[in-house]
Every structure is written in C-alpha cells, then in structure tokens.
Chemist: 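Quick one: structure below, then a few questions.
Just so you know, ligand 1 is whichever comes first in the structure, and atom 1 is the first atom listed for that ligand.
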Amino acid sequence: MTPTDTLGRPLRDLRISVTDRCNFRCRYCMPREVFGKDYEFLARDLLLTFEEIERVARVSARLGVRKIRLTGGEPLLRKGVEDLVAMLAGVPGIDDLTMTTNGSLLARKAEALAGAGLHRVTVSLDSLDDATFAAMNDAGVAVGAILEGIDAAAGAGLTPVKVNVVVKRGVNDAEVPAIARHFRGTGHIVRFIEYMDVGHTNGWRLDDVVPAAEIVAAIAAEAPLQPVAAGYPGEVARRWRYEDGSGEIGVISSVTAPFCGSCTRARLSAEGMLYTCLFATGGHDLRALLRDGADDEALAGALTTVWEQRGDRYSELRSSRTVGLPKIEMSYIGG
Ligand code: SAM
Ligand code: SF4
Ligand code: SF4
C-alpha cells in the first residue's frame, strides 16, 4: 500500500543518484575550490550496485512510486548506466523513466539509452553564449556540444526533451528571452529554475535569485504566454504555453513560490542513503539493510517507516535562519 507522510503526501517519485562525480564544476553546484583535485569522491565499493538500485526501485514501485529519474553528479559518467536503464525499464509500475544530464556525453549515448528503454531526458544548459556557459560550468565545455546532445536525444526519441536553465542574477538572466526564443517551435521544453540555496558550498544569496514571475514577464514581453494546468499532481514546474501555439516553457519557483505541499519525491544517493527532501540534513541507510540481507518485506517496511515519518517542507520554511544551515550537497543527493 502507498504510504503517505505526516502532511498527507504519497510517495510517487524516486530520484536516483548513480554517481557523485561530475565532469563539470558548475559554480552553483560543485565549485572548484571545494571539489578540486584533492576532493575525495565515493569509492566504488560504497556505491550501490545496479542490482541493489533495481531492488530499491522494484520495492518502491510496489509502494506506489511511478516515476524514476536518474541523476547525479553526472549520471552518464557511471559506467554501463544504460544497463541500469534496461533493468529499471523492466520494473513493473514505472510509467516514467527519465534522466537529468549535463548533456556533454549525450551525443554519444542517446541511442543506447533509448534502446535500453529510457523514456526521455532533461538536459541542463544555462547559456547559449560560450563565454557565459564556460564561466558557469567552469570546465571549458562549449555550448555546441550540449546542443548536439539535445539533437541526438530528440533524434533517438527521448522526447519531449526538457532543457533546465538555472537563472542567476547578473550572470545569465539577461539571456532568458534569447534562450526561450532559441527553443521555441522545436518541441523542446525549457524550464527556468530559480537558483536555490542547496548544499552549503555555493555561497547562495537571495540577491542572486531571479524570481520566476520576472522570468515569465521577460519572455512574455516578446511572445505572449498563457498558463497551462499542471500535467499531474506534484509537477514541479509551473507551465506556460505560447499563445501562438509554438510550444511551452516551465518555471521552477522553489524560492519565491514553494511547492512542498505537493512534493512526492524521495531521493536515493549513490551510496544508498534515502533522503526525503532536497534540503535534508540526514538520510536513512538503505545500503546497510541491503547488504545485511534484508528481504523485500523488510526493505518495504523500512521505506514505509521513513516515508510515514516525513514532515519536510524546507522551501516553505526557508528564512534567513535556515539558509546558512549545513545541508547535503546537490551533487551527492541528486538534483
Ligand atoms: N549533472 C546533471 C545535470 O547537471 O543535469 C544532473 C545533476 S544536477 C545536480 C541536476 C539539476 O540541478 C541541474 O539541472 C542543475 O542545473 C540543477 N542545480 C544544481 N545546483 C542548483 C542550484 N543551486 N539551484 C538550482 N538548481 C541547481
Ligand atoms: Fe555537475 Fe550537474 Fe552539478 Fe553541474 S549541476 S556540477 S553538471 S552535477
Ligand atoms: Fe520537496 Fe523538500 Fe523541495 Fe519542499 S523543499 S519541494 S519538501 S524537496
């Protein structure tokens, strides 16, 4: 039976981080000063195996999870990730199997991922300007490589492709209308994300956040928009469609208009910690259970207990007091 938490929210989505490593060093996520060459990432034997991940997914699906998103770190860095996709595609009850990626390896991998049964992808791309993009990813990756990845994903049928753009004041906010224009009419859905105070290394300040309402107004000034009803309960993005029928955009306003009330997401870190909020300060060790020989019933019981105790609503409670608190890094917990 599907557990509900203390605020009446069911468990529906599972975000699985398959690695804490990344080939980018986005300033807002893995700043190079912290994630430098001496940074110790998780050792291989600490990572959940594909079989362990599939077991958690299978048991979660029995409990009501319908949507799985693979993430990281950069999920395409996990060796053989398409084999994991194939295993998850065979889990009964999952009707949406997707991945969030920085897109840098997608041109090479899109066909294999689609062949393995991935339904669609979300590609992160913060700028169409090489200098701005390089400053944001701090890894010297050019925009063209990501656009090729997006084309390859669309060509492989991983559609609709969503494009995540984190908007940071004074960095890429002036580019918002141009990014929207670039993808208008392509069938890809751009989702503009308010910069969040996730983790504690990115030096987040409220002044850096561009409110979703400002983002929508900037786009609508060029191409009128009308709101679209949510596709399903718990959808993170507020959706807007172009009045002329040339597509839609989304905005994820976790700072200015939090959506904790409909948050049905659990997160599994690469080493098997289960978190019930992106801003959690602690998790629950499923790897220990799995490696101690717990059967599916015990695993289902543990997941149910964790979920039934959940009361997280960080974004609704966000204040000057919460912002500086220690939190888990997004590259670890999974975006
Ligand atoms: N590496 C993959 C990628 O970048 O798509 C997947 C993991 S990443 C942590 C998932 C998403 O979180 C990305 O779209 C990224 O832009 C977003 N993200 C990371 N740090 C963020 C922050 N501080 N505020 C808002 N979004 C953030
Ligand atoms: Fe890597 Fe994604 Fe974080 Fe950028 S946002 S550093 S691509 S994990
Ligand atoms: Fe869900 Fe936590 Fe984000 Fe609120 S702050 S929407 S509870 S992940």
Side-chain angles (χ1 to χ4, degrees), residues 5-7 9 11-13 15-32 34-35 41 69-78 81 98-106 121-127 133 136-139 141 146 149-150 162-168 172 190-205 208-210 212 234-237 252-255 257-267 269-270 275-281 310-318 322-323 327-335:
D5 68 10
T6 61
L7 300 172
R9 300 167 296 187
L11 171 62
R12 290 282 179 241
D13 315 62
R15 298 195 174 195
I16 303 174
S17 172
V18 295
T19 177
D20 59 336
R21 291 166 198 261
C22 189
N23 54 340
F24 282 18
R25 286 293 177 273
C26 302
R27 302 287 320 151
Y28 52 65
C29 181
M30 296 178 79
R32 203 172 274 286
V34 179
F35 297 87
F41 290 99
R69 175 177 298 280
L70 296 178
T71 178
E74 173 46 43
L76 293 179
L77 289 185
R78 178 82 186 249
V81 72
T98 172
M99 176 185 282
T100 303
T101 168
N102 64 27
S104 59
L105 303 170
L106 198 52
V121 284
T122 297
V123 180
S124 304
L125 176 61
D126 296 329
S127 174
F133 186 52
M136 290 184 85
N137 67 50
D138 202 11
V141 179
I146 314 305
I150 291 173
K162 292 187 179 166
V163 180
N164 273 2
V165 181
V166 176
V167 184
K168 205 170 165 187
N172 63 342
V190 187
R191 301 172 347 143
F192 295 95
I193 304 177
E194 289 178 351
Y195 172 45
M196 292 185 286
D197 51 325
V198 64
H200 65 279
T201 56
N202 62 14
W204 185 89
R205 296 176 322 141
D208 295 330
V209 178
V210 181
E235 189 167 42
V236 177
I252 301 179
S253 54
S254 39
V255 179
F259 37 79
C260 302
S262 60
C263 177
T264 53
R265 288 178 292 286
R267 294 178 152 83
S269 79
Y275 294 92
T276 55
C277 178
L278 180 54
F279 298 91
T281 47
R310 175 186 194 239
D312 302 282
R313 52 191 196 101
Y314 177 89
S315 287
E316 289 180 352
L317 303 174
R318 181 185 280 112
T322 58
V323 163
K327 291 181 236 84
I328 314 282
E329 295 301 326
M330 196 156 180
S331 54
Y332 170 84
I333 198 171

Chemist: Is ligand 3 under 4.0 Å from a heavy atom in the side chain of Met196, in the backbone, in both, or in neither?
Modeler: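 The answer is neither.
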Chemist: Would you mind checking which non-hydrogen protein atom is closest to atom 26 (N) of ligand 1, with the distance to 0.1 Å?
Modeler: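 Looking only at protein heavy atoms, the one closest to atom 26 (N) of ligand 1 is Val166 CG2, 3.4 Å.
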Chemist: Any atom of ligand 1 sitting under 4.0 Å from a heavy atom of Gly73?
Modeler: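 The answer is yes: ligand 1 sits under 4.0 Å from a heavy atom of Gly73.
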Chemist: Can you find an N or O of Ser331 that's nearer than 3.5 Å to an N or O of ligand 1?
Modeler: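 Between Ser331 and ligand 1 (N or O atoms, distance only) the closest approach is not under 3.5 Å.
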Chemist: Which residue supplies the protein heavy atom nearest to atom 20 (N) of ligand 1, what is that atom called, and how far is it?
Modeler: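 Here the closest protein heavy atom is Tyr28 CD1, 3.2 Å.
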Chemist: Identify which protein N/O/S atoms are less than 2.8 Å from atom 1 (Fe) of ligand 3.
Modeler: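 Counting only protein N, O or S atoms under 2.8 Å from atom 1 (Fe) of ligand 3, the list reads Cys263 SG.
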Chemist: For residues Arg69 and Arg265, determine if any side-chain heavy atom of one lies less than 4.5 Å from a side-chain heavy atom of the other.
Modeler: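 No, every pair of side-chain atoms sits at 4.5 Å or beyond.
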Chemist: Just do the side-chain contact (heavy atoms from CB on, under 4.5 Å) check on Phe192 and Asn172 with the steps written out, would you?
Modeler: CA-CA 11 Å; Phe192 295 95; Asn172 63 342; over 6 Å; no
Chemist: So does Arg25 pair up with Asp138, basic N to acidic O under 4.0 Å?
Modeler: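 Salt bridge absent between Arg25 and Asp138.
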Chemist: Give the numbers and elements of all ligand 1 atoms closer than 4.0 Å to a heavy atom of Asn102.
Modeler: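 Near Asn102, the atoms of ligand 1 are 2 (C), 3 (C), 5 (O).
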Chemist: Show which atoms of ligand 1 fall inside a sub-4.0 Å distance from at least one heavy-atom site of Tyr195.
Modeler: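 Those qualifying, in numeric order: 23 (N), 24 (N).
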Chemist: Report the nearest protein non-hydrogen atom to atom 10 (C) of ligand 1: residue, atom name, distance rounded to 0.1 Å.
Modeler: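 Checked against all protein heavy atoms, atom 10 (C) of ligand 1 sits closest to Gly335 CA, 3.7 Å.
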Chemist: Thr101 heavy atoms, cut-off 4.0 Å: which ligand 1 atoms fall inside?
Modeler: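 Answer, ordered by atom number: 2 (C), 3 (C), 5 (O).
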Chemist: So, do Ile150 and Val121 sit near enough that their side-chain heavy atoms are less than 4.5 Å apart?
Modeler: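 The answer is no, as the side chains (C-beta and beyond) never meet within the 4.5 Å cut-off.
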Chemist: Could you list the atoms of ligand 2 found under 4.0 angstrom from a heavy atom of Cys26?
Modeler: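 By the 4.0 Å cutoff, the relevant atoms are 4 (Fe), 5 (S), 6 (S), 7 (S).
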Chemist: Against heavy atoms of Arg267, which atoms of ligand 3 measure under 4.0 Å?
Modeler: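 Answer for ligand 3: 8 (S).
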Chemist: So which protein heavy atom does atom 5 (O) of ligand 1 come closest to, and at what separation?
Modeler: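 Result for atom 5 (O) of ligand 1: Ser124 OG, 2.5 Å.
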Chemist: As an exercise, identify every atom of ligand 1 less than 4.0 angstrom from a heavy atom of Glu74.
Modeler: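 So the atoms of ligand 1 that pass are 1 (N), 2 (C).
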Chemist: Contact between Gly72 and ligand 1, counting heavy atoms under 4.0 Å?
Modeler: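 A heavy atom of Gly72 does come that close to ligand 1.
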Chemist: Checking a contact table here: which protein heavy atom is nearest atom 12 (O) of ligand 1, and how many Å away?
Modeler: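 So the nearest neighbour among protein heavy atoms is Met330 CE, 3.1 Å.
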Chemist: Kindly identify the option in Val255, Thr19, Val198, Thr71 whose heavy atom sits closest to atom 22 (C) of ligand 1.
Modeler: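 Shortest heavy-atom distance from atom 22 (C) of ligand 1: Val198.
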Chemist: Tell me whether atom 3 (Fe) of ligand 2 has Cys22 as a neighbour, meaning an N, O or S atom of it below 2.8 Å.
Modeler: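 Of the N, O and S atoms in Cys22, none lies under 2.8 Å from atom 3 (Fe) of ligand 2, which means no.
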Chemist: Backbone or side chain, does any N or O of Asn164 fall under 3.5 Å from an N or O of ligand 1?
Modeler: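 Between Asn164 and ligand 1, an N or O pair is found under 3.5 Å apart.
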Chemist: Could you check whether the rings of Phe24 and Phe133 sit parallel, tilted or perpendicular, using 30° and 60° as the cut-offs?
Modeler: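 Plane angle over 60°, so perpendicular.
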Chemist: If you count the atoms of ligand 2 from 1 in the order shown, which ones are under 4.0 Å from a heavy atom of Asn102?
Modeler: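 Near Asn102, meaning under 4.0 Å from one of its heavy atoms, ligand 2 has 7 (S).
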Chemist: Starting from atom 24 (N) of ligand 1, which protein heavy atom do you reach first, and at what distance in Å?
Modeler: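 It is Met196 N, 2.9 Å.
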Chemist: Compute whether any side-chain donor of one residue and acceptor of the other, for Thr101 and Glu74, lie under 3.5 angstrom apart.
Modeler: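 Present: a donor and an acceptor within the cut-off.
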Chemist: Which of the numbered atoms in ligand 1 are below 4.0 angstrom from a heavy atom of Glu194?
Modeler: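 Checking each atom against Glu194, I get 25 (C).
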Chemist: Is there side-chain contact between Cys260 and Asp312, with at least one heavy-atom pair below 4.5 Å?
Modeler: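 Cys260 vs Asp312: side chains apart.
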